[in-house]
S.K.: 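Here it is: the structure, laid out below.
In the text below, chain A, chain B and the rest are named by the order of the sequence lines, each starting its count at 1.
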Amino acid sequence: MAVRVQREDFDLGAELARLREGRTDIGALVSFTGLVRDLDGRLREFELEHYPEMTARALEGIEAEARARWPLQASLIIHRYGRLAPGEQIMMVATASAHRQAAFEAAEFLMDYLKSRAPFWKKETTPEGAHWVDAREEDEAALERWEERR
Amino acid sequence: MAVRVQREDFDLGAELARLREGRTDIGALVSFTGLVRDLDGRLREFELEHYPEMTARALEGIEAEARARWPLQASLIIHRYGRLAPGEQIMMVATASAHRQAAFEAAEFLMDYLKSRAPFWKKETTPEGAHWVDAREEDEAALERWEERR
Amino acid sequence: MTGTTTRALDLRYFAWLRERIGEGGETVETGAPTVRALVEELREREERYALAFSDLRAVRVAVDQELADLDAPIGNAREVAFFPPMTGG
Amino acid sequence: MTGTTTRALDLRYFAWLRERIGEGGETVETGAPTVRALVEELREREERYALAFSDLRAVRVAVDQELADLDAPIGNAREVAFFPPMTGG
């Protein structure tokens, strides 16, 4: 039930602890964290551009859709923007439910939508220069499995 | 690459932080946490019995199977035993991979196997008395989806 | 735009569309009824627009901050945004 | 067990099997070639075993700490464990 878009890093453990604090109705808590990868040590800069006026609204829409589809006791989306270093956290989602299947499915649904429907663009700079990360065709395809179930 | 069976609670945030510490090859980190549910406030006691000589071996076998199936940069299973209070953490799994699909699938695989193949038994005591939690048929069925892919 | 009423519309550009056009946004006077017609107007205006919009399959659109189709009517919208496929998460 | 060699085997019981039998484990002298034959021996021994093993569909088995089938040979195993379907996670 919360969406945050911010430049600063977040504390994954503290966020997950807060989600279940004082509650006894959650049986399953799933989290996903996206991190800046730099396999070969050649990443000079990583920058996330976004569309501020649209971002929070898009994320809230995605979250509301997940909550309409699965019985969630709690959910959280945090997405950063700006310049990030290799290994840093880019974003997280968390979903809490009575049973594991709902928590897992809702988290995957949120991620699939975030990948292709949240207004963020990644730019990587290596010694060869800067380039905008291409959208992956698999990411667009991943959305289809949720369409079928509507 | 780690399995722990313990009576004490664990620090989910610290465990997840440790998993990715100093690394830049992880793009996706998924965690699942199982919690003691008490929807109606009637749970007096919750106890997890296990088969100590077999538990660690069973969990290590499950983890090795996940690592053989998915390209994981890191994985962790922590499972508690003994008497737990409502809302407490029962167990966690975490999986780290380059991409989200592998991390999600491996975490779900670990959970499906843990549910039906790790030697733990749950006993709940309410004002009506104590009973052993029945295995759910869905949990046994959940294993089948992984068999097909072998 | 002869014969049609024009009005002020805020445009926003992101990622490589912003870089190719050379600015993050601008306000234009337009009478274009749809996003596609608006793109045609921009293309004819200057080379950098023609370049940015050379492959429309690589362009996504939001009208008043909601994802929309290229053939969406602009209607009374205040803002139209252009950007490449999103890469969140 | 007439005519067969018997040997000492550690048995372990968990959850409601442990409660029905009244102990967590014991060492028995047995010549049973398979887990199923061992269960038959136990059933005949005392009422509490017959009760614990009355519905074998609800019983799972491990031989030397590996999950096994009821028809698994005991062979040179040192320990056989009986328990209900597991509920981990």
S.K.: Which bit of B:V36 comes within less than 4.5 Å of chain A, counting heavy atoms only: side chain, backbone, both or neither?
M.R.: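 Backbone only.
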S.K.: Using heavy-atom distances under 4.5 Å, tell me whether A:A142 contacts chain B through its side chain, its backbone, both, or neither.
M.R.: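 A:A142 touches chain B through side-chain heavy atoms alone.
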S.K.: Is the closest side-chain heavy-atom distance between B:L84 and B:I90 below 4.5 Å?
M.R.: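 A side-chain contact exists here, since the closest heavy-atom pair is under 4.5 Å.
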S.K.: Looking only at atom types and distance, does a side-chain atom of A:R117 sit under 3.5 Å from a main-chain N or O of A:I62, one as donor and one as acceptor?
M.R.: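 Looks like no, no N/O pair under 3.5 Å.
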S.K.: Could you check whether any side-chain heavy atom of A:V93 comes within less than 4.5 Å of a side-chain heavy atom of A:L76, counting everything from C-beta outward?
M.R.: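 No, their side chains stay 4.5 Å or more apart.
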S.K.: Heavy atoms only, distances under 4.5 angstrom: which of A:E138, A:K115, A:R23, A:E108 has the most pairs with chain B? Name it, please.
M.R.: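 Sorted descending by pairs with chain B, the first entry is A:E108.
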S.K.: Measure the acute angle between the ring planes of A:W146 and A:W70, then classify it against the limits of 30° and 60° as parallel, tilted or perpendicular.
M.R.: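 Perpendicular.
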S.K.: For the side chain of B:R80 and the backbone of B:R7, is there at least one donor-acceptor N/O pair under 3.5 Å apart?
M.R.: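 Yes; at least one donor-acceptor contact below 3.5 Å.
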S.K.: For B:A103, is it the side chain, the backbone, both or neither that has a heavy atom under 4.5 Å from a heavy atom of chain A?
M.R.: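 The answer is neither part of B:A103.
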S.K.: Between chain A and each of B:A17, B:G27, B:G22, B:G13, count heavy-atom pairs under 4.5 Å; write down the option with the most.
M.R.: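 Max contact count across the listed options: B:G27.
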S.K.: In terms of heavy-atom pairs under 4.5 Å, which option from B:D112, B:D40, B:L39 contacts chain A the most?
M.R.: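 Option with the greatest count: B:D112.
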S.K.: Any non-hydrogen side-chain atom of B:E88 less than 4.5 Å from a side-chain atom of B:P86?
M.R.: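 The answer is no; the side chains never approach within 4.5 Å.
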S.K.: Report which part of B:I26 has an atom under 4.5 Å of a heavy atom belonging to chain A: side chain, backbone, both, or neither.
M.R.: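 Both parts, heavy atoms under 4.5 Å.
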S.K.: What part of A:A98 lies closer than 4.5 angstrom to a heavy atom of chain B: side chain, backbone, both or neither?
M.R.: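 Both parts, heavy atoms under 4.5 Å.
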